[in-house]
> 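Handing you a structure now.
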Number of protein chains: 2
Amino acid sequence: MPMDHLSTTFATLADPTRRAILARLAVGEATVNELAAPFAMSLPAVSKHLKVLEHAGLITRGREAQWRPCRLEAGPLKEVAGWLEHYRRFWDDSFDRMADYLKEIQTKGDPDGRKN
Amino acid sequence: MPMDHLSTTFATLADPTRRAILARLAVGEATVNELAAPFAMSLPAVSKHLKVLEHAGLITRGREAQWRPCRLEAGPLKEVAGWLEHYRRFWDDSFDRMADYLKEIQTKGDPDGRKN
DNA sequence: AAGTTAATTAACCAATGAGTTAAATATAAG
DNA sequence: CTTATATTTAACTCATTGGTTAATTAACTT
């Protein structure tokens, strides 16, 4: 089944272990063992999570000797933020006020009241 | 398995059909049949998607005669936006500039250079 | 009362996801 | 060359997901 990008990103983020890994990587690069340490699960399990994260483009992995340092890649998160923007008006009160404000300065600054 | 709120939300959003339903509901309330119309799938399938959305708190359903009008609820989306904010600095260039700016006016406005 | 429309529930199936243990690979160090 | 460390792959299990069709419930219409 052809999984679109956004669906892949959301599915990847739908796991607390993976979100915890991202939170850790927000601090800085880390190896697989370092990332696995906090979790009560086997190393292969974490390795799988990393593969999922990598496949979603949320991390990249280098190689230094026998270590594969992982680092955060925020591209997909930016896409999510973009998607969310379409809905901001449903929860953000200041969003409406900002829209009002923009409309106001738009008409005030343009005596003809053109829309654009 | 105890599914945390955020995981439930992400899992729910990880399906293009469900995101399309939300997009439709952003325009206004709609019944199950109306929501199902655009999709090449059975009504029960859509009904299931709606149950998932409802369970995630992304929609609520009223009842008018034999119709169950659905409407968007943005609470969980706001939570996602909140979570995302922790990562904004990784993709938003202006975020750093804003941080710099805030730091600047903070020190400029306070001759003693106190941090808070 | 009978029929029509709206929606859900039941029973089923195939595919996926998240975990396991055991084995394999890769690199470094004695 | 052997061993230790870091990580991945293989093979398997179990639960969940997303879809199906057929049957059921609910409410309106005639």
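Chain identifiers are assigned alphabetically (A, B, ...) following the order of the sequence lines, protein sequences preceding nucleic acid strands; residue numbering begins at 1 within each chain.
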> To the nearest angstrom, how far is B/L50 atom CG from C/dT9 atom P?
12 Å

> Taking only side-chain N and O atoms of B/S42, does any of them lie within less than 4.0 angstrom of OP1 or OP2 on D/dT20?
yes

> Mind telling me whether A/F10 and B/F10 have parallel, tilted or perpendicular rings, with 30° and 60° as the class edges?
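If you compare the ring of B/F10 with that of A/F10, the planes turn out tilted.
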
> If you check the A/D15 side chain, which of C/dA18, D/dT8, C/dA7 turns out closest?
C/dA18

> Is it true that B/F39 and B/L53 fall in one hydrophobic cluster, defined by side-chain heavy atoms closer than 4.5 Å?
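Yes; B/L53 is reachable from B/F39 via cluster members.
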
> Atom CH2 of B/W67 to atom C1' of C/dT4: distance rounded to whole Å?
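Going from CH2 in B/W67 over to C1' in C/dT4 covers 11 Å.
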
> A/W67, A/I21: one ILVMFWY side-chain cluster at the under-4.5 Å cut-off?
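A/W67 does not cluster with A/I21.
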
> Using OP1 and OP2 only, check whether a side-chain N or O of B/N33 sits under 4.0 Å from C/dA7.
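Answer is yes, contact under 4.0 Å.
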
> Under 4.0 Å between a side-chain N/O of A/H49 and OP1 or OP2 of C/dG17, yes or no?
no

> A/H55 NE2 to C/dG17 C1': how many Å, rounded?
14 Å

> Start with the C-alpha gap between B/W91 and A/L77, add the side-chain angles, then the distance that decides, and say whether side-chain contact (heavy atoms from CB on, under 4.5 Å) holds.
CA-CA 8 Å; B/W91 75 77; A/L77 296 182; 3.7 Å; yes

> In whole Å, what is the span from the CE atom of A/M3 to the C1' atom of D/dT17?
11 Å

> Any N or O donor-acceptor pair linking the side chain of B/K48 to the base of D/dG19 at under 3.5 Å?
yes

> Less than 4.0 angstrom between a side-chain N/O of A/S47 and OP1 or OP2 of D/dT8, yes or no?
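Checking A/S47 against D/dT8: at least one side-chain N or O falls below 4.0 Å of OP1 or OP2.
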
> Quick one: which of C/dA7, C/dT20, D/dT7 gets closest to the side chain of B/L43?
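Output: C/dA7.
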
> Rounded off to whole Å, could you give me the CZ-to-P distance for the A/R68 and C/dT25 pair?
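These atoms are roughly 14 Å apart.
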
> Output the rounded distance in Å from CE (B/M41) to C1' (D/dT20).
11 Å

> Using heavy-atom distances to pick each residue's nearest nucleotide on DNA chain C, tell me which of A/E64 and A/T17 is more 5'.
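Its nucleotide being nearer the 5' end, the pick is A/T17.
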
> Whether B/R18 contacts D/dG18 is assessed here as follows: a side-chain N or O lying under 4.0 Å from the phosphate OP1 or OP2. Is that the case?
yes

> Measure CD1/A/I21 against C1'/D/dT7 and give the value in whole Å, please.
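Computing the A/I21:CD1 to D/dT7:C1' distance gives 14 Å.
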
> Assign B/K51 to base, sugar-phosphate, or nothing according to its heavy-atom contacts below 4.0 angstrom with the strands shown.
sugar-phosphate

> Would you kindly compare A/R63 and A/P44 by the position of their nearest DNA chain C nucleotide and give the one closer to the 5′ end?
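Nearest-nucleotide comparison on DNA chain C picks A/P44.
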
> What is the distance from CG of A/L13 to P of C/dG17, rounded to the nearest Å?
14 Å

> Heavy atoms only, 4.0 Å cut-off, all strands: where does A/R61 land among base, sugar-phosphate and nothing?
sugar-phosphate

> Of the nucleotides D/dA6, C/dA6, D/dG19, which one has an atom closest to the side chain of A/Q66?
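Output: D/dA6.
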
> Considering only NZ, NE, NH1 and NH2 on the basic side and carboxylate oxygens on the acidic side, decide whether A/E54 and A/K51 come within less than 4.0 Å.
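No, this pair does not count.
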
> Ignoring hydrogens and geometry, is there a side-chain-to-backbone donor-acceptor pair from A/R24 to A/A36 under 3.5 Å?
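Not at all, since once roles are kept as given, no pair shorter than 3.5 Å links the two residues.
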
